[in-house]
Amino acid sequence: MNKPIIELKDVWKIYQIGHVKIPALRGLSLSIHSGEFIAIMGKSGSGKSTLMNMVGCLDIPTKGRVNLYGDDIASFTESDLAQTRGKKIGFIFQKFNLIPTLTAFENVMLPMIFQGIPFEERKKKAQSLLSMVGLSERSAHRPGELSGGEQQRVAIARSLAIDPEIILADEPTGNLDSKTGKMVMDLIIKLHKEQKKTIIIVTHDEDVAKYAQKIKVLRDGLVIGQKK
Amino acid sequence: MIKDYVKFALKTLKVRKTRTFLTMLAVFIGIAAIVSLISLGQGLENAISEQFEALGTNKIMVSPAGTFFGAVGDSVSEITEEDLDVIQKVSKVKQAGGMLYKMARLEFDEEVQYTWAIGLPTDESGDVINEIATFNYVTGRELKESDKYKVVVGIRLAEADIFDKEVKVRDKLKIEGYEFKVVGGMGRIGNPEDDRQVYIPLETAREVFNEPDKLDIIMIETTKGASVPAVVEDIKKELRDFREVEEGEEDFNVQTFEEMMETFAVVFTLVQAILIGIASISLLVGGVSIMNTMYTSVLQRTREIGVMKAIGAKNKDIWILFIIESGFLGMAGGIIGVLIGMGLAKLVELAAFQQGITILKAQFPWYLIVGTLVFSFVIGCLSGLAPAYRASKLKPVDALRYE
Ligand SMILES: Nc1ncnc2c1ncn2[C@@H]1O[C@H](COP(=O)(O)OP(=O)(O)OP(=O)(O)O)[C@@H](O)[C@H]1O
Ligand SMILES: [Mg+2]
């Protein structure tokens with residue numbers, strides 16, 4: 001098999017609140033290859049989001065290594081990390097996390113602005129992404145004027161704005177009812193099938209898990225089980 | 001890139017209108033005060049220097065020590081006709097004339113009012129005064145040499161602003177109990193005090209007020225091409241000799257109009273600087289208020305900042321975004337401030353006009369407007385420095401977790 005694009009080796013993340021140390025990850029190791037669809041499961045507090053933060057370059061481990069395309073992210077400056085996130089990783093959050101003052105269209109354009117992509121190109125890309133998620137008509141609307149499902153679809157469009165290879169989704173349907181949740185999940189699965197994106201998704205949904213090529217089950221900051 | 005950030009910042013300000021408006025309050029009060037003060041000050045300064053310039057640079061004024069620029073006070077010393085004689089003999093003095101100011105009791109149509117009566121020389125020594133004062137007579141005629149107990153009235157008397165009835169040419173007016181015949185009406189000078197004066201022949205004034213030889217002010221014109229400072233020195237020297245005072249202890253002032261203008265400008269600039277300093281306190285409050293708003297904004301938008309960082313914003317990007325927003329918050333205050341300030345200045349101008357002060361015209365030079373806007377933008381940016389720094393330093397994970 002070819003080299004993994006993401007590799008976690010003996011990763012520890014210890015949060016400290018006052019004198020209390022909370023180990024969220026305790027020597028976790030994990031490899032992710034290009035084009036994989038990986039589901040992360042586990043009880044609340046098991047360290048799923050913490051793991052996603054490491055993979056997404058939002059945080060660096062207390063101990064151990066996180067390699068992204070072979071580079072140790074701990075050696076990156078804050079600005080390098082931002083750059084890496086902006087260029088290589090698309091985020092989909094449980095709480096949608098759109099910028100409330102911007103329209104759907106502008107939200108989708110935002111990652112491209114941070115990459116300095118010229119307006120015309122940005123506009124074309126944002127329009128095509130919004131039409132892909134079926135929201136062309138709502139592009140001038142602000143998040144507050146959209147339903148949860150619609151907001152999450154805008155967020156998916158945004159995560160694709162800079163054509164990342166990796167998409168990270170932390171409970172993307174957690175705030176949606178089952179019907180809209182299914183619609184959002186179908187969209188994410190489509191990204192994997194049709195666009196060959198590497199997808200890492202935290203989910204409690206058995207159907208999604210069924211689709212996944214690998215399922216990692218976490219408990220107390222460790223992978224305790226692997227299905228498939 | 002920056003253009004997008006500007007758009008983003010403006011959007012935020014627009015969406016949060018109430019917050020924006022409240023924050024700007026102190027800024028625009030300060031800016032409004034500064035704009036109105038400067039525009040009125042500029043207008044006043046222009047008007048006055050215009051008047052000084054019209055007088056020409058070859059004019060000299062002599063007054064008793066302790067008076068300043070036409071303000072007639074209780075000076076200890078006096079100048080008299082004898083001083084005038086001395087001055088007239090100084091070389092390069094083309095002509096010189098003196099005036100007498102007296103507070104007078106006026107009686108007209110059984111009504112009594114008090115105003116300044118000015119004794120004007122009616123011989124050729126009055127020419128220099130006429131030239132300097134640029135009197136214009138709108139009705140009747142000016143005083144002439146043969147006139148006795150004749151009076152020219154200020155425009156407010158002619159407009160029935162002082163007495164109930166208009167004072168017209170050929171009317172009879174009592175000054176200090178003596179009957180005078182009105183021969184002319186003066187045009188508007190633009191200062192309500194000056195516009196209620198009456199002018200009588202100097203000789204008559206001497207009889208009426210029992211002032212045999214006192215003068216309050218002497219106006220001098222030098223011959224063409226003469227060095228004015230040199231003539232001033234000569235006059236000072238001759239007057240010292242005549243009045244038997246030492247150099248440095250003169251009990252009289254010899255001033256050129258140029259000097260007076262400079263003195264005026266210095267005093268004026270000082271007063272203006274003090275007023276603007278006071279107005280700046282409001283700007284300081286405005287700055288603090290912007291800072292406070294920006295801190296709150298950083299707190300409220302912590303998640304948003306986290307999201308932006310997650311999707312590729314560098315610390316620098318966040319910093320710029322917040323600085324721009326803060327700068328525009330200041331500038332928005334500036335724009336409203338400028339508008340209010342201009343309105344205020346126009347209002348003062350109008351109110352002054354209604355009080356008879358017609359020389360005051362508020363000036364709005366482009367550099368005042370642009371300068372003020374840039375200034376308010378800079379204040380905004382400065383106030384945003386610390387909050388923007390805090391925003392830029394937020395850790396993406398922490399910011400995303402923020403509820
Ligand atoms: N910033 C933090 N400071 C302190 N403790 C933290 C922090 N982030 C996470 N933790 C703790 O680390 C542990 C793992 O948290 P994490 O958010 O990764 O769990 P999770 O599996 O995503 O749970 P959930 O399903 O509820 O989202 C928890 O005990 C949590 O309280
Ligand atoms: Mg979680």
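Every heavy atom of this structure was used, including side-chain atoms; hydrogens, water molecules and symmetry mates were not. Just so it is clear, the structure is predicted and the values come from calculations on it, not from any experiment. Residue numbers start from 1 in every chain, and the chains themselves are labelled A, B, ... in the order their sequence lines are given, proteins ahead of strands.
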Residue [X] excluded, over 12 heavy atoms near [atom1] under 6.0 Å:
X         : atom1 : result
Tyr69(A)  : OH    : yes
Gln355(B) : CD    : no
Tyr389(B) : OH    : no
Glu137(A) : CD    : no
Tyr15(A)  : OH    : yes

Please lay out, stage by stage, how Asp59(A) and Lys395(B) fare under the test side chain to side chain contact (heavy atoms under 4.5 Å, CB included).
CA-CA 8 Å; Asp59(A) 206 355; Lys395(B) 293 244 170 295; 5.6 Å; no

What are the two closest heavy atoms between [X] and [Y], and how far apart are they?
X         : Y         : answer
Ala82(A)  : Ala313(B) : CB-O, 3.6 Å
Leu400(B) : Asn97(A)  : CD2-ND2, 3.6 Å
Pro100(A) : Glu304(B) : CD-OE1, 3.4 Å
Thr101(A) : Lys11(B)  : O-CE, 3.8 Å

Highest number of heavy-atom pairs under 4.5 Å with chain A: which of Pro396(B), Gly306(B), Gly312(B)?
Gly312(B)

Region of Lys316(B) in contact with chain A, defined by heavy-atom distances below 4.5 Å
neither

Note: vs chain B, highest number of non-hydrogen pairs under 4.5 angstrom among Asn53(A), Ile117(A), Ile113(A) is Ile113(A)

Best-contacting candidate, Arg85(A), Lys95(A), Arg158(A), Gln83(A), against chain B by heavy atom pairs under 4.5 angstrom
Arg85(A)

Test item: Asp4(B) and Arg122(A) side chains (from C-beta on) under 4.5 Å apart, heavy atoms:
yes

Side chain to side chain contact (heavy atoms under 4.5 Å, CB included) between Glu78(A) and Lys314(B): does it pass, once the steps are laid out?
CA-CA 8 Å; Glu78(A) 276 183 42; Lys314(B) 295 198 256 316; over 6 Å; no

Point-to-point distance, once rounded to the nearest 0.5 Å, from CG of Leu110(A) to CE of Met308(B):
7.0 Å

What's the spacing between Ile311(B) CD1 and Phe114(A) CZ if we round to 0.5 Å?
5.5 Å

Passes side chain to side chain contact (heavy atoms under 4.5 Å, CB included), Phe119(A) versus Lys3(B)? Steps please.
CA-CA 11 Å; Phe119(A) 179 77; Lys3(B) 210 178 93 196; over 6 Å; no

